[in-house]
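Contents: one structure, followed by commentary.
Convention: sequence-line order gives letters A, B, ...; per-chain numbering from 1.
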Amino acid sequence: MPELPEVETTRRGIEPGLRGQRIRAVHVHDRRLRWPVTPGLAAALRGQRVRAVQRRAKYLLLRLERGTLILHLGMSGNLRVLPRASPLLKHDHLELQLDSGLVLRLNDPRRFGSCLYTTDDPARHPLLRDLAPEPLEPGFDGAYLQRITRQRRVAIKLLLLNGRLVTGVGNIYASEALFRARIRPRRAARSLTAGECARLTTAIRRVLGAAIRVGGTTLRDYVGADGKAGYFRQRLYVYERAGLPCRRCRTPIRQITQGQRSTYYCPRCQA
DNA sequence: ACGCCCTCCTGTTGGC
DNA sequence: TGCCAACAGGAGGGCG
């Protein structure tokens with residue numbers, strides 16, 4: 001579900017309720033996430049204050065006094081800050097109870113999400129250590145994309161989903177960025193010109209930024225920390241628009257499969 | 001190293 | 001209405 005804009009929206013939504021708060025208790029209702037939640041988690045977190053809520057790629061980092069809680073929402077996860085008395089929903093797998101009387105709840109039907117605790121530098125954690133640069137930070141530009149694509153025969157759309165090369169972009173924004181950059185998703189990565197690399201990095205930055213500004217994209221079940229849907233969906237040019245007229249040229253949008261996942265593009269706008 | 005395929009899991013949708 | 005297959009915002013891991 002959540003790509004960078006949805007994770008960032010979640011971060012902004014939970015931060016006010018978390019920062020500075022002390023964790024009074026941790027309740028784990030179901031340990032079976034992507035990696036089993038360790039039995040010692042509750043004891044490790046109890047009593048610690050939340051110093052900051054950060055994001056790295058699609059991971060959320062709760063910086064505590066003595067360590068970091070690393071959260072990932074997988075395909076179907078969301079985090080909400082609620083009054084403690086709010087009824088527990090199906091698939092609410094864990095919650096942090098705060099001194100304020102509010103709780104942070106993780107709901108994740110598919111359980112592809114994760115919740116890990118480390119007392120080391122989280123940037124050196126095995127799951128974070130090899131991630132590509134942040135796409136909204138200065139290092140992510142045409143020169144970077146050109147450098148990582150030179151020897152790669154993989155389709156550019158699939159390369160955008162490889163978190164060691166590009167982070168934050170998932171299945172929706174990969175198609176959307178390629179449309180905005182006017183590049184066919186099946187093009188071999190190494191065939192992109194310098195100009196196309198520049199266009200594509202710009203398109204990625206713009207589409208992610210625009211999505212963040214409106215709270216992300218809600219297709220089915222994504223909600224931000226306040227329970228509200230994101231409304232970038234109405235600004236999508238191609239994703240889930242197979243057969244519908246291109247919003248730019250009216251040519252029907254095509255849907256293809258790459259790496260067992262759907263890709264959408266306009267056969268006329270994207271050369 | 002790279003590229004491809006499979007997997008984890010539940011819920012929804014569409015065809016028959 | 002029921003049944004069943006296909007598919008869904010991710011990404012680690014294993015294979016050749």
How about CZ on R184(A), more than 12 heavy atoms from neighbouring residues, nucleotides or ligands closer than 6.0 Å, or not? yes

Is the number of heavy atoms from other residues, nucleotides or ligands under 6.0 Å of R248(A) CZ greater than 12? yes

Using the closest heavy atom to pick a nucleotide of DNA chain B for each, name whichever of K90(A) or R34(A) lands nearer the 5' end. R34(A)

Report the residue (R152(A) or Q260(A)) whose heavy-atom-nearest nucleotide on DNA chain B is the more 5′ of the two. R152(A)

Is the base of dC9(B) touched by the side chain of R111(A) through a donor-acceptor pair closer than 3.5 angstrom? no

Do the side chains of L160(A) and I204(A) get nearer than 4.5 Å, heavy atoms only? yes

Give a yes/no answer on whether the side chain of R32(A) brings an N or O atom under 4.0 Å of OP1 or OP2 in dC8(B). no

Rounded to whole Å, please give me the gap between [atom1] in [X] and [atom2] in [N].
X	N	atom1	atom2	value
L158(A)	dG12(C)	CG	C1'	16 Å
L116(A)	dG12(C)	CG	P	11 Å
R190(A)	dC2(B)	CZ	C1'	12 Å

Between dC6(B) and dA6(C), how far apart are the two P atoms, rounded to whole Å? 13 Å

From S86(A) atom OG to R105(A) atom CZ, the distance as rounded to the nearest 0.5 Å: 5.5 Å

Under 3.5 Å for both donor-acceptor distances, Watson-Crick or wobble: does dC9(B) have a partner, and if so which one? none

